[in-house]
Amino acid sequence: MPAPKFRVAICGGGISGLCLAVALSRYPNIQVDVYEATDRFKEIGAGVMIWARTWKILEQLGLGPAFSRIAHAPPDGSIGTGFDFRRSDQPQEGFTYHVVKMSYGCIRFYRVDFLDVFVDALPSGVAHFGMRLVSYSQKAGANEILLEFSNGTTGTCDLLAGCDGIKSSTRARLFKEAAERSGDVTLLKFIDPVWTGTIAYRGLIPVERLPPSHRSIANPMMYCGKSKHVVSYSISRGDVVNVVTFASEPESEGSPYSEDTGGTHCPQKELLDCYAGWEPEVEQLLSQIEKPTKWAIHHLKPLPFFVDGKVALLGDACHAMAPHEGAGAGQAIETNHERKDAFILAALLEHATHETIPFALEAYQHVRLPFANHVLKGSYGSGLMYEFNSEYGEDYKNLGPVIEKQWDWVEEPDPEKERLRALQYFKKLASRS
Ligand SMILES: Cc1cc2nc3c(=O)[nH]c(=O)nc-3n(C[C@H](O)[C@H](O)[C@H](O)COP(=O)(O)OP(=O)(O)OC[C@H]3O[C@@H](n4cnc5c(N)ncnc54)[C@H](O)[C@@H]3O)c2cc1C
């Protein structure tokens, strides 16, 4: 076995880290190691949806058949893929004010199954558990990056991919170093995520517990009210309905949130009280969630950069966003899209040498940062629209088309064109060196 041309350490084994690991492990001359803080790869028991552009990426990774087996609503439009937007915060039956028809498809999964497809595609020997990265150092002129883990061990790599989620240690280190180097302390404000002002409750309902005519079974639903909305869609081949509800104080956006942010159980009464007086269809749905979990939804301020030298941030570590366009995981995957000749980061690294890694990362950032930040801002803005807090208020006639327009990014720009743009930029930088 020839020596690898370089070694990539991936910190974090969520969707972004595992997708990158699977994409890169196809190149025998790149060594890949995934360092995961916990004792196994895991996802929460909830749904996740992706769009056709992400589906194409998964197919190009050779994972199409495996994802097809667990997908609900494949991207052929055979199962309803529109979102029905209804006014629902009144006791009498609500009304549909807009239907977003998504010809490009919205494909739904049970999260645990979704992550497992990546886990199964991971070559053996790549994963290292109980390895929480606490810090790294890349000294000017030094070839290697030194990694420090919370269990006292150390390691080295030639490129560090920080895929360690919304509370990323990699991001903290990267922005601290950049602030020290430049003397610009304002960079420190990008380290901590901020509260969007929204609390979410989540639950799963076996489909047989709903009347067969319940709209949530056939179609993704968006039940809207003032400063609140409820999203539901079926997953697991239609056996389960996934529900996420949101309740917002828009004026609190940007503030720190002190309560535990991550999925604590709460009494069902709290959920029911929050949506008391909503249309019967919503009450019927929520009454079936016996053990809701509660989440404070955070996002990042759009970051001014995703990379520093040979360190890159991916996924929620660099663009954690409000979930109102079902985009965070898809964006994390897009970062790593590989085609026959590879795509964006994986494509760039295939062409990079040890010396040109920084150029490859700069090209990755050149293409990905504006797009990911655009989706991040749009996702937050969509939430305001669903809850009648945008400039369009309750003007249903204009609101529907504007909401639909927010999803334009699902079709444009074409990921293939983005790949070519990134490669061209990389070659330009490398030729100047
Ligand atoms: C309510 C809600 C609904 C959503 N719905 C959708 C949807 O429908 N579609 C969609 O595309 N997105 C959705 N998202 C967003 C999506 O879930 C995330 O964007 C995505 O899971 C991020 O993946 P990630 O791998 O970047 O981060 P994570 O999933 O957070 O993974 C990070 C991993 O890194 C590990 N880790 C953390 N710190 C360290 C460390 N220091 N060292 C080593 N390992 C570490 C963690 O243990 C974890 O395994 C939703 C989010 C929410 C909150």
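All ligand and atom numbering here is 1-based and tracks the order in the structure.
Between Phe118 and Phe67, the ring planes lie perpendicular to each other; the angle is over 60°, past the 30° to 60° tilted range. Taking the six-membered ring where tryptophan is involved, the planes of Tyr97 and Phe388 are tilted, since the angle between them lies from 30° to 60°.
Ring centers of Tyr425 and Phe359: at least 6.0 Å apart, outside the cut-off. A ring-centre distance under 6.0 Å is found for Phe246 and His324.
In this view, Ser124 satisfies the side chain to side chain contact (heavy atoms under 4.5 Å, CB included) rule with no residue, not counting sequence neighbours.
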*Can you check side chain to side chain contact (heavy atoms under 4.5 Å, CB included) on Ile15 and Cys163, steps first, answer last?*
CA-CA 9 Å; Ile15 291 170; Cys163 301; over 6 Å; no

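Under a 3.5 Å cut-off, the side chain of Glu279 and the backbone N or O of Gly94 do form a donor-acceptor pair. Side-chain atoms of Gln406 come within 3.5 Å of backbone N or O of Gly378 as a donor-acceptor pair. Looking at Glu253, its side chain never comes within 3.5 Å of a backbone N or O of Thr196 through a donor-acceptor pair.
For ligand 1, the polar-atom distance check finds no N/O of Ala317 at less than 3.5 Å from any of the ligand's N/O atoms.
For atom 18 (C) of ligand 1, the choice among Thr38, Asp316, Asn242, Val375 with the nearest heavy atom turns out to be Asp316. For the residues Ser135, Ala37, Gly47, Ser379, the heavy atom positioned nearest atom 45 (C) of ligand 1 is part of Ala37.
With a 6.0 Å radius and a threshold of 12 heavy atoms from other residues, nucleotides or ligands, Glu270 has its CD atom above the threshold. Heavy-atom neighbours of Lys291 NZ from other residues, nucleotides or ligands within 6.0 Å: at or below the threshold of 12. Atom NZ of Lys226 sits in a crowded spot, with more than 12 heavy atoms from other residues, nucleotides or ligands closer than 6.0 Å.
At a heavy-atom distance under 4.0 Å, only side-chain atoms of Pro323, from C-beta outward, approach ligand 1. With a 4.0 Å heavy-atom cut-off, ligand 1 is reached by no atom of Trp51. If you look at Ser169 next to ligand 1, the close heavy atoms, those under 4.0 Å, all belong to the side chain.
Protein heavy atom at the shortest distance from atom 36 (N) of ligand 1 is Asp164 CB, 3.9 Å. For atom 13 (C) of ligand 1, the closest non-hydrogen atom of the protein is Arg111 NH2, 3.7 Å. At the top of the distance list for atom 35 (C) of ligand 1, counting protein heavy atoms only, stands Glu36 OE1, 3.3 Å. Given atom 34 (O) of ligand 1, the protein heavy atom at minimum distance is Gly12 CA, 3.2 Å. Scanning all protein heavy atoms for the shortest distance to atom 3 (C) of ligand 1 gives Arg202 NH2, 3.2 Å. Protein heavy atom in closest approach to atom 28 (P) of ligand 1: Gly165 CA, 4.2 Å. The protein heavy atom nearest to atom 12 (N) of ligand 1 is Ala329 N, 3.0 Å. Regarding atom 42 (N) of ligand 1, its nearest protein heavy-atom neighbour is Leu133 N, 2.9 Å.
Residue contacts with ligand 1 include Tyr35, since one or more of its heavy atoms lies under 4.0 Å from the ligand. Heavy-atom distances between Met131 and ligand 1 reach below 4.0 Å in at least one pair. Heavy atoms of Cys163 approach ligand 1 to within less than 4.0 angstrom. Heavy-atom distances between Lys167 and ligand 1 stay at or above 4.0 Å for every pair. Not a single heavy atom of Tyr201 sits less than 4.0 Å from an atom of ligand 1. For the ligand labelled ligand 1, residue Ile15 lies inside the 4.0 Å heavy-atom shell.
Remark: ligand 1 atoms within the under-4.0 Å shell around heavy atoms of Cys11 are 40 (C), 42 (N), 43 (C). Within ligand 1, the atoms closer than 4.0 Å to a non-hydrogen atom of Gly14 are 25 (O), 31 (O), 33 (C), 49 (O), numbered from 1 in the order shown. Set against the non-hydrogen atoms of Gly315, the atoms of ligand 1 under 4.0 Å away are 26 (O). Near Tyr233, meaning under 4.0 Å from one of its heavy atoms, ligand 1 places the atoms 8 (O).
For residues 295-322, the salt bridge (Lys or Arg N to Asp or Glu O under 4.0 Å) pairs, not counting sequence neighbours, are Arg181-Asp308.
Under 4.0 Å is where a charged nitrogen must lie from a carboxylate oxygen, and between Glu36 and Arg132 no such pair does.
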